[in-house]
Structure formats: structure tokens, C-alpha cells
Amino acid sequence: MKLLLHAAAFAFAALFFSTNMLLAQDVFLTSRDKSVEIDGTLLGFDGQFYRVQTEYGELTIDGSGVDCSGPGCPNLASYVAELVFSGAPEIGKALLPALIESFSYENNYKAEKSQIADERITYTLSERISGDKLAIFHLNLTTSGEAFADLLADQADIVMSLREISKAERKLAREAGMGDLTAKGRARVLALDALVAIVSSQNPLNEISLPALSQIFSGELNDWSRFGTHKAEITPYLRETDAGPGQAALQRLLRRENVEPAKQTRFATQDFDLSMRVSSDPFGIGLVSRASTSDAKTLTLTGSCGRSLRATRRNIKTEDYPLTAPMFLYLPARRLPKIAREFLAYTRSPAAQIVIRRAGFVDQAPEEISIDSQGDRIANAVRATGEELSLETLRTMVTTLSSMKRLTTSFRFETGSIRLDAQSRSNVEQLARALEAGIYDGRELVFIGFSDGQGAANANLEISRRRAAVVKNAVVKSAETADFTQLTVGVDAYGEALPMACDDTEWGRQVNRRVEVWLR
């Protein structure tokens with residue numbers, strides 16, 4: 001018999017994976033050799049493991065090694081797994097249903113959808129031939145904030161969030177005995193989206209800087225004359241902040257929590273409605289999902305140095321576009337049912353990445369980019385040469401990289417920190433799994449560090465090399481079963497030699513500080 005001590009006892013006892021409504025009742029577990037006896041209250045059963053509250057705390061016990069007696073014992077023959085997703089409708093309405101249906105098709109299951117209300121969707125998964133019911137997936141469409149509250153109250157199993165967990169929510173989770181929700185295996189990026197600024201086609205503006213965009217939505221800038229277009233008050237449009245997406249957009253744009261929008265902001269309940277209203281308002285500007293621009297004109301993000309960044313699929317995937325918006329799943333510390341674990345594994349498969357693209361979002365499947373396709377980056381590098389950064393250094397870099405290809409998997413750090421940001425932490429796990437699967441066997445992977453242009457060039461070179469080493473070590477450590485005799489993994493750095501954006505703002509410096517992965 002295997003006895004697995006659960007790392008944390010949850011602060012709230014509520015409904016979890018009901019089996020014939022017998023959970024939260026007494027059970028008596030006895031090992032097959034009768035040497036171990038455990039009694040307590042059944043908190044959950046995932047088809048394989050019992051989760052029991054005992055006088056010793058919460059225990060997770062392998063059902064294959066024990067016999068169960070008592071009113072709470074589940075019927076093993078008719079077990080049906082239940083999984084509750086809670087959170088952002090943008091994930092729960094389009095993306096997850098597409099993935100659930102594709103997962104069912106891949107495994108020869110039948111997926112029956114029922115919509116109980118606007119905010120609740122249920123999928124019942126059954127064996128296609130026998131008709132035996134296997135699982136019920138509940139999708140509760142609320143907000144990211146309400147979803148984290150549901151997780152803490154043990155009323156949801158997985159959070160669907162358009163933003164990272166806040167410091168306050170992370171603290172509450174720790175206090176509730178749930179551990180660190182940002183730790184390895186607890187948070188993952190399901191797909192990628194991006195925020196784009198849109199205006200009416202009647203507006204002559206074609207590009208805007210991030211600082212100016214931030215000032216508009218914070219209320220510091222409210223007149224179009226600043227842009228030399230026309231004298232009129234700017235009307236910002238945003239998704240409703242109390243519904244989640246609007247607040248998440250503001251936080252990503254202004255880079256702080258608990259922000260308030262400009263007083264003159266007009267709100268919409270859906271991105272499509274927002275886009276339609278902006279497209280008919282020559283004095284409006286909106287912040288919406290890249291997939292929901294409708295007839296409005298999308299503005300290019302630019303800087304004073306002349307460099308610009310567009311929300312292309314590749315720029316979003318590499319996180320070179322600064323308003324990339326990851327779509328998160330946050331998981332509990334407890335063990336999920338087998339079919340739930342299989343579904344989560346499927347969401348990272350090549351087949352799932354195709355489904356994500358078809359649903360209108362950006363997938364995370366790594367792509368290789370030849371240096372011939374990176375002309376804009378090389379042009380930026382040439383413009384950046386000066387006293388500290390010579391053309392000879394640039395020539396050496398281009399010569400080295402010309403025989404290699406860049407992976408779209410990139411890594412960036414949180415502002416003012418050596419901690420990788422959320423998307424990069426997910427990228428560590430994705431790349432580690434690829435190494436374990438032998439995808440890059442017979443090749444050389446080089447983690448190359450780049451920096452912003454602040455400070456001395458030699459110091460920036462050394463900092464970028466250290467960052468590259470940190471990322472390489474994190475990936476190697478995570479790839480526990482990879483055979484590193486079959487590939488070469490190295491580190492290199494070029495400091496400020498290949499800027500992506502202007503260095504005159506924190507936004508630009510953040511984009512420039514990165515670690516890329518190149519393949520030979």
C-alpha cells in the first residue's frame with residue numbers, strides 16, 4: 001500500500017469530486033494485509049486515490065492497496081470524475097470547449113455539451129461505443145478574481161485567468177494551506193493573446209507610443225492635439241473593470257495592481273461591442289484583444305528611436321510584443337482525476353496547439369526562425385552601434401547566428417527582479433518537456449542573453465551572460481529525464497547588441513532584457 005502525505009490541509013471543506021453524493025462521510029480503509037487501518041472523513045476520490053481527513057491531518061491514499069468500508073465508500077465500478085473550471089469567459093466560452101471537444105475526439109469519447117445558464121457550461125464525456133459515462137467538466141464563467149476565491153473555498157478545481165494571481169490572492173492561498181500558486185506545476189499558460197490599441201478608420205493616427213497609451217488610459221492625457229491630428233477630447237474605451245478583462249488590461253498596460261481607469265472612460269461588456277463603438281467614434285481609442293478588432297484600425301506600438309512593434313503571431317509568441325497577454329490555468333495542490341490529468345497533458349500537445357490557433361489565439365508550439373527572416377532586428381542592431389558597441393561586435397554576432405535558427409521560445413524577467421515572468425516560467429517547463437522527449441537530440445541549443453542599453457556595454461554583456469546561464473540551468477534542472485549525451489547545451493551573450501525596442505522607457509528596456517534560444 002502506498003501512503004502519500006498531502007502537503008497541505010485546505011482551510012475550507014466543501015464539495016469536491018462528488019461520487020453518488022457520498023463524500024464528506026465516514027470511511028474505514030484497511031490495507032490488504034490488515035496491518036494498517038485508517039478511518040476518517042472522505043474528502044475526495046479521483047478514481048485511483050482516496051483523500052481522507054483523519055486525526056493525523058489530510059491523507060492521500062492509493063486505492064489499489066486498501067479495502068474501503070463505511071457509508072462514504074464510492075462505487076468503484078461506476079466512478080465518474082468531476083472537474084470544475086472557474087474564471088474568465090474568454091477562456092471558458094471558446095477556447096476550453098474547443099479543446100475539450102478535440103480531446104474527446106482524439107480519445108474516441110463522446111462529448112455532450114449543455115448550457116445551464118449564460119454563466120455555466122457542462123460537458124459530459126462518455127465512451128463512444130459503450131456509452132459509459134467517464135467525466136463531467138463544469139465551466140463556470142465568472143471573473144478571474146471570483147475564480148481565485150472559488151479555488152480558495154474549494155468550490156473550483158482549476159482557475160481560468162486572464163492575469164497573474166495577485167500578491168493578495170497569493171498570500172490568501174498560502175494562509176489557506178494551499179501553498180504557492182506560482183510554484184512549478186501550479187500555474188501554466190494555456191494560450192497567448194495580446195492587447196492592441198484601436199481607433200476609428202477616420203482617425204489619421206497610425207502608431208502610438210506605450211507611454212502615451214498609458215497616459216491616455218490613466219487619465220493623464222486627454223487631448224488629440226498632442227498627436228497633431230485634431231483638437232478634440234480623447235474618449236478611451238475599455239472592457240468593464242469589475243468584470244475582469246478591463247482590470248486585467250489596465251494592469252498589464254500600467255504595470256501595477258488595483259489601478260483606476262481615466263474618468264472619461266466608456267465601458268463595454270464585450271470586446272466585439274467595444275470595437276464596434278470605437279470604429280464609429282473618430283475621437284475614441286480602445287484597448288481590446290487582438291482577435292476582436294472588428295472594423296477598427298489597429299495602432300502600431302512605437303518609440304522615440306523609430307523602432308516599432310506589431311502584434312504579430314510571432315512577436316506575441318516570442319513575447320517581443322510588450323502587451324502580450326498569457327491566458328492562465330491555476331491548479332490545486334491536490335491530485336486531480338486521471339482523465340483530468342490526461343486532458344491537461346493534451347492541452348500542451350501539438351494537436352492542441354492547432355486547436356488553439358483555430359480558436360483565434362496564439363499557440364505555444366516552438367517555431368524556428370532563420371536569421372534571414374529577422375531583417376528588422378538586424379537593422380535595429382546596426383542603428384544601435386556607437387562608441388561602446390562596434391560594428392565589429394555586430395559582425396561577429398551576425399556571423400555566429402547566421403548558421404543557426406532562433407526558437408520562438410524566449411525568456412524574460414519580472415521588472416527589477418531575477419525571477420522569470422509568468423510566461424517564461426511556463427516556457428521553462430515546455431522546453432524541458434521537449435528535451436525529455438528527445439525533440440532536439442543531435443542538435444546544439446544555445447541560450448543567448450541580451451540586455452538593454454543602460455550602463456556600460458561590458459557590464460551589460462556580463463549581466464546578459466549570467467541571465468542566460470540562469471535560464472539554461474532552470475531548463476536543465478526541469479528536464480529530469482532528458483539524455484544530455486544526445487545534445488549540446490551552451491550559453492552565449494551579446495549584451496545590448498540586438499535591441500528589440502527603444503531604451504528610453506521602462507517598457508522598451510523590459511523588452512530588450514531577454515534570453516533567446518538558438519539552434520544549430
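Nothing here was measured: the structure is a model prediction, and the numbers come from that model. Side-chain atoms are counted along with the backbone in the values below, which use heavy atoms only and exclude waters and symmetry mates. In what follows, residues are counted from 1 in the order of the sequence shown.
- Looking at heavy atoms from C-beta onward, F148 lies in side-chain contact with S161 at the 4.5 angstrom threshold.
- The main-chain N or O of L420 is found under 3.5 Å from a side-chain atom of R425 such that the two form a donor-acceptor pair.
- A salt bridge links E368 to R443: at least one charged side-chain nitrogen sits closer than 4.0 Å to a carboxylate oxygen.
- Residue T408 forms a side-chain contact (heavy atoms from CB on, under 4.5 Å) with just one option from I316, D363, T318, and that option is T318.
- Ring geometry for F447 versus F411: interplanar angle of 30 to 60°, hence tilted.
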* Residue pair R163, D193: steps toward the salt bridge (charged side-chain N to carboxylate O under 4.0 Å, His left out) verdict -> CA-CA 11 Å; R163 59 170 176 80; D193 198 0; over 6 Å; no
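- Distance alone, capped at 3.5 Å, is enough to place a donor-acceptor pair between the N473 side chain and the A469 backbone.
- Using modelled atom types, one finds a donor on one side chain and an acceptor on the other under 3.5 Å when comparing T312 with N315.
- With hydrogens and angles disregarded, no donor-acceptor distance shorter than 3.5 Å links the side chain of Y109 to the backbone of R128.
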* To do: Check step by step if side-chain contact (heavy atoms from CB on, under 4.5 Å) holds for I165 and F328.
  => CA-CA 9 Å; I165 187 172; F328 297 96; over 6 Å; no
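- Across all non-hydrogen atoms, the minimal contact from S292 to D271 is CB-CB, 3.4 Å.
- Note on R513 versus D320: no salt bridge recorded, every NZ/NE/NH1/NH2 to OD/OE distance being 4.0 Å or above.
- Q486 has its side chain within reach of D483: a pair of non-hydrogen atoms, C-beta onward, lies under 4.5 Å apart.
- Summarising the geometry of S289 relative to V196, their closest heavy-atom pair is O-CG2, 4.2 Å, with the distance given to 0.1 Å.
- Panel note: side chain R412, backbone V511; a donor-acceptor pair is recorded below 3.5 Å.
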* To do: Start with the C-alpha gap between E444 and M404, add the side-chain angles, then the distance that decides, and say whether side-chain contact (heavy atoms from CB on, under 4.5 Å) holds.
  => CA-CA 9 Å; E444 179 183 3; M404 307 173 73; 5.5 Å; no
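- For R188 (side chain) and L344 (main-chain N/O), a donor-acceptor pair under 3.5 Å exists by modelled atom type.
- Within 6.0 Å of CZ on R520 lie more than 12 heavy atoms contributed by other residues, nucleotides or ligands.
- Here the side chains of L192 and M327 are not in contact, with every heavy-atom distance at 4.5 Å or above.
- Contact detail for L83 and A340: the closest heavy-atom pair is CD2-CB, 3.8 Å.
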* **side-chain contact (heavy atoms from CB on, under 4.5 Å) evaluation trace for R239 with F267** => CA-CA 5 Å; R239 290 286 301 278; F267 298 96; over 6 Å; no
* To do: Show your reasoning for whether side-chain contact (heavy atoms from CB on, under 4.5 Å) applies to I158 and L336.
  => CA-CA 10 Å; I158 297 178; L336 294 174; 4.2 Å; yes
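- Counting heavy atoms from C-beta on, the side chains of V159 and S144 never come closer than 4.5 Å.
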* Derivation and outcome, salt bridge (charged side-chain N to carboxylate O under 4.0 Å, His left out), residues E429 and R348 -> CA-CA 11 Å; E429 295 185 28; R348 284 176 158 167; 3.7 Å; yes
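- When every heavy atom of A333 is checked against every heavy atom of R186, the shortest pair comes out as N-NH2, 3.4 Å.
- Using modelled atom types, one finds no donor on one side chain facing an acceptor on the other under 3.5 Å when comparing D67 with T30.
- No side-chain donor-acceptor contact under 3.5 Å links S294 to the backbone of A296.
- Atom OH of Y105 sits in a sparse spot, with 12 or fewer heavy atoms from other residues, nucleotides or ligands closer than 6.0 Å.
- Judged by distance alone, the side chains of E169 and S166 do bring a donor and an acceptor atom under 3.5 Å apart.
- For R357 (side chain) and V362 (main-chain N/O), no donor-acceptor pair under 3.5 Å exists by modelled atom type.
- Between L134 atom CG and K338 atom NZ the span is 10.0 Å, to the nearest 0.5 Å.
- Counting only heavy atoms from C-beta outward, the side chains of P366 and Y440 approach each other to under 4.5 Å.
- Of the possible polar contacts, none joining the Q115 side chain to the I121 backbone as a donor-acceptor pair under 3.5 Å is found.
- The aromatic rings of F343 and F85 sit perpendicular, their planes meeting at an angle over 60°, well past the 30° parallel limit.
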* Would you sort out whether E127 and K110 count as a salt bridge (charged side-chain N to carboxylate O under 4.0 Å, His left out), showing the intermediate values? => CA-CA 6 Å; E127 289 281 4; K110 181 180 179 181; over 6 Å; no
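- Counting only distance, with no hydrogens or angles, the side chain of S424 and the backbone of N427 share no donor-acceptor pair below 3.5 Å.
- A side-chain donor-acceptor contact under 3.5 Å links T182 and R170.
- Contact check for I61 versus V66: side-chain heavy atoms found under the 4.5 Å cut-off.
- Counting heavy atoms from C-beta outward, Y50 and C68 have side chains that approach closer than 4.5 Å.
- Minimum interatomic distance between D157 and E82 (heavy atoms only, all atoms of both residues): OD2-O, 4.0 Å.
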* Asked: So D150 and S86, side chain to side chain donor-acceptor pair (under 3.5 Å) or not? Walk me through it.
  -> CA-CA 7 Å; D150 287 344; S86 179; 2.8 Å; yes
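- Side-chain contact between L407 and L519 is present, with heavy atoms from C-beta onward closer than 4.5 Å.
- Note on E367 versus R313: salt bridge recorded, some NZ/NE/NH1/NH2 to OD/OE distance being below 4.0 Å.
- Contact between Q364 and A191 at its shortest, heavy atoms only, is NE2-N, 4.1 Å.
- Checked by atom type and distance alone, the side chain of K472 never pairs as donor or acceptor with a backbone atom of L445 at under 3.5 Å.
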* Would K93 and E119 satisfy salt bridge (charged side-chain N to carboxylate O under 4.0 Å, His left out), going step by step from the backbone distance to the final call? -> CA-CA 9 Å; K93 271 188 177 179; E119 67 280 356; over 6 Å; no
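- Side-chain N/O atoms of T142 and N140 include no donor and acceptor closer than 3.5 Å.
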* To do: Evaluate side chain to side chain donor-acceptor pair (under 3.5 Å) for S114 paired with Y123, printing each intermediate quantity in order.
  => CA-CA 6 Å; S114 60; Y123 274 92; over 6 Å; no
